[in-house]
Amino acid sequence: MSFVITTPLYYVNDKPHLGSVYTTIICDAIARYKRLLGEDVIFITGVDEHGLKIQRTANEKGIEPKTYCNEISEIFKINWKNWDISFDKFIRTSSNNHELVVREFYEKVKRSDDIYMGVQKGWYCVGCEEFKDNPEDSPTYKCPIHQKNLEWKNEENLFFRLSKYQEQIEKMINEPSFIEPIERRNEIINFVSRGLKDFSISRTNISWGIPVPGHDNHTFYVWFDALLGYVSAISCNATDNLLENSINGGWPADMHLIGKDILRFHAVYWPAMLISAGMRVPKKVLGHGFLTREGQKMGKTLGNVLDPDLLLSKYGNDPVRWYLIKDISLGNDGDFQDRRFVDIINNDLANTIGNLLNRTSSMSRKWFDNKVPNNEKVSKENKLENYAKITVENYIHKFNIYKLDLAANEVLSLAINTNLYLNDNQPWLLIKEKNKLPFVKEIIYNVLESTRIIGLLLLPLLPDLSSKINEQLGSIYKKEVPWEQQLNWGLLVSNSNLPKPNPIINKLEYE
Ligand code: MSP
């Protein structure tokens, strides 16, 4: 059985922003974690290329939408490589294979008698690619997400009979594990309780989209098309029976990780479409919060957009990952603050984890001929071993329920406690007493061993830093041995060589 996890398929109207980097990093950490547990992971990301928004962006630049999309999709791919994102599938909704999936799916939905022609009137936000249905929606009302006026639309569209699925959707969203966190679930329960309305799935006068078979001037509504990208990503090598191929290849998704603004599409419209086509619904939709900068919404008008490329080139991958994973509780909104960023990286990564590794490996090298000391067991009780065992258990539990910030904090608290253990035992004083040598060996062995476990626990969260830590201990992660087994205490080899010291993380300066 596969574990299928997806990021949203990002609009190509711009290059990746901090919000897209955030979601993709979280998915990457979860995908890496599941792989470490031995699961067969399919990590899907990609781009959403059709629709009015993209057509207009390309027109404004004076290029063909396809040429424009080719360019930006490449930027997305390169970006994810630069961020060391371990995706398995990158889907482009302008690909031939995706078009085949959309057509095949549409035929199934039609066969369920869920498509009819109607008239769609209403206020539309091109940024959201969504009709708005609040009473205040009018020409002067600005979409709170995009800060742009809505546009009036009145056209003949094909509709999907969402209303038919009211009961099934209600049942599904009442299942606590389906939508997380609970605040998001309640929002959706509230929305669905007002009664589901059919929604239009085609557009006239938009050429940049997938043509609807049998309806000359209609293209599929971008969301109808885009959601199916998750399915086509899995069937990307097939040429016929694509839906079947996707089902055999791992569908349904185990988790869609998305921002809270696109929850309705994923937790209501999408499952109904799938039920109509006789396919299984995703197992979980996790809606994360929004990122602000220094307490303010990021936007071009405010001129405060944080460029993820700059962050990456200035600080590197690990610090940004750590901040986003550890400082933001998944599901809540988060704020990026420059000073807080510097403080957290310096405190957690440089002073606590980096310093722990430096001081212990240098003591060990100095006192034990550049080697790990023998694992002497002179004390009756090994407090650090007990603490490490509890940490591993807590960490696994927190990760399994997708509390990644708490899992990161577990690692940090093991590092803090390991530093305290060192300070309490003061091996630098004991080394001066000859009869205390076995005890010193025991202390140093314990601290090195605890650091090895810290390194391994960081593997899904901060893959770079993790390998640096374990390299410095001469104890790298072995792919052929189950990761959980390697988290057992006492595996650091006594008397093994410690490599030459190399700084693993630099302290940051305030600007
Ligand atoms: N193309 C659709 C998704 C289709 S999925 C089949 C889309 N794309 S998007 O590029 O506009 O947004 C992608 C994601 O970025 C969404 O999950 C959205 O919530 C997220 N974010 C946009 N701004 C954000 C922040 N400031 N902070 C965190 N995430 C934010 O929607």
Side-chain angles (χ1 to χ4, degrees), residues 4-27 44-54 57 69 72-73 75-76 79-80 89-94 98 101-102 105 125-130 143-148 184 187 209 220-234 253 255-271 273-274 282 285-300 302 304-308 320 323-325 327-336:
V4 178
I5 180 166
T6 71
T7 71
L9 306 183
Y10 301 110
Y11 284 131
V12 289
N13 61 314
D14 217 338
K15 59 186 192 128
H17 52 72
L18 194 65
S20 28
V21 168
Y22 174 62
T23 324
T24 313
I25 283 177
I26 300 289
C27 278
I44 298 171
T45 189
V47 283
D48 182 358
E49 301 175 71
H50 290 132
L52 188 55
K53 170 150 88 174
I54 307 304
T57 313
C69 290
I72 306 278
S73 316
I75 293 181
F76 266 89
N79 240 278
W80 300 145
K89 308 270 184 190
F90 186 95
I91 176 73
R92 293 188 56 183
T93 57
S94 66
H98 176 70
V101 165
V102 174
F105 187 87
C125 169
V126 181
C128 296
E129 291 279 16
E130 185 183 19
C143 160
I145 301 171
H146 295 96
Q147 301 299 324
K148 288 210 175 109
R184 301 279 112 77
E187 277 164 32
F220 282 106
Y221 169 41
V222 58
W223 270 101
F224 185 84
D225 148 4
L227 289 160
L228 277 159
Y230 298 137
V231 170
S232 39
I234 304 180
M255 183 197 277
H256 291 313
L257 184 71
I258 52 160
K260 59 183 177 180
D261 54 327
I262 55 174
L263 197 61
R264 267 185 213 180
F265 290 102
H266 285 80
V268 180
Y269 297 11
W270 177 225
M273 285 162 58
L274 286 162
V285 180
L286 209 158
H288 65 69
F290 259 50
L291 298 182
T292 48
R293 183 174 189 193
E294 310 288 347
Q296 279 191 309
K297 190 177 150 52
M298 276 182 269
K300 283 185 188 150
L302 277 174
N304 65 345
V305 178
L306 195 52
D307 181 355
V320 182
Y323 186 89
L324 295 178
I325 294 173
D327 203 47
I328 301 167
S329 162
L330 189 54
N332 293 352
D333 290 338
D335 194 30
F336 194 97

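If you're wondering where the values come from, they're calculated on a predicted model, not measured in any experiment. Just follow the structure's listing: the first ligand is 1, and inside any ligand the first atom is 1.
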Checklist line | Test side-chain contact (heavy atoms from CB on, under 4.5 Å) applied to Leu324 and Ile26, step by step | finding: CA-CA 8 Å; Leu324 295 178; Ile26 300 289; 5.6 Å; no

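- The closest approach between a heavy atom of Leu9 and any atom of ligand 1 is below 4.0 Å.
- Summary of contacts: the protein heavy atom closest to atom 13 (C) of ligand 1 is Tyr10 CD2, 3.5 Å.
- Within ligand 1, the atoms closer than 4.0 Å to a non-hydrogen atom of Gly259 are 17 (O), 19 (O), numbered from 1 in the order shown.
- Atom 24 (C) of ligand 1 has Phe290 CE2, 3.7 Å as its closest protein atom, hydrogens excluded (heavy atom only).
- The heavy-atom pair separating Pro308 from Pro16 by the smallest distance is CG-O, 3.5 Å.
- Under a 4.0 angstrom heavy-atom cut-off, Tyr22 registers as lying outside contact with ligand 1.
- For atom 18 (C) of ligand 1, the nearest non-hydrogen atom of the protein is Asp261 OD1, 3.3 Å.
- With ligand atoms numbered from 1 in the order given, ligand 1 contributes 28 (C), 29 (N) to contacts under 4.0 Å with heavy atoms of His288.
- Using a distance-only test at 3.5 Å, with no hydrogens or angles considered, a donor-acceptor pair links the side chain of Tyr221 to the main chain of Glu129.
- For atom 6 (C) of ligand 1, the closest heavy atom belonging to the protein is Tyr230 OH, 3.5 Å.
- For the 3.5 Å distance criterion, the side chains of Tyr10 and Thr24 qualify, holding a donor opposite an acceptor.
- Among all protein heavy atoms, the one lying closest to atom 11 (O) of ligand 1 is Tyr11 CD1, 3.2 Å.
- Here the side chain of Arg184 pairs no donor or acceptor atom with the backbone of Lys260 at under 3.5 angstrom.
- Thr6 places no side-chain N or O within 3.5 Å of a backbone atom of Ile44 that could act as its donor or acceptor partner.
- The backbone N or O of Asp225 sits less than 3.5 Å from a side-chain atom of His98, completing a donor-acceptor pair.
- Scanning the protein heavy atoms around atom 16 (C) of ligand 1, the nearest turns out to be Ile262 CD1, 3.7 Å.
- Near Leu291, the atoms of ligand 1 lying under 4.0 angstrom from a non-hydrogen atom of the residue are 25 (C), 26 (N), 27 (N), 28 (C).
- Heavy atoms only, all atoms of each residue included: Leu330 and Leu286 are closest at CG-CD2, 3.9 Å.
- Ligand 1 places these atoms under 4.0 Å from at least one heavy atom of Asp48: 1 (N), 2 (C), 4 (C).
- Taking a cut-off of under 4.0 Å to the non-hydrogen atoms of His17, the atoms of ligand 1 that pass are 15 (O), 21 (N), 22 (C), 23 (N).
- With Thr292 as reference, Asp335 is the one residue of Asn304, Asp335, Asp333 to meet the side-chain hydrogen bond (donor to acceptor under 3.5 Å, both in side chains) rule.
- Proximity annotation for atom 14 (C) of ligand 1: of Pro16, Gly46, Pro8, Gly127, Pro8 comes nearest, heavy atoms only.
- Distances from ligand 1 to the non-hydrogen atoms of Trp223 include at least one value under 4.0 Å.
- In terms of heavy-atom proximity, Val12 sits nearest to Ile54 at N-CD1, 3.7 Å.
- The shortest separation from a heavy atom of Gly289 to ligand 1 is under 4.0 Å, placing the residue in contact.
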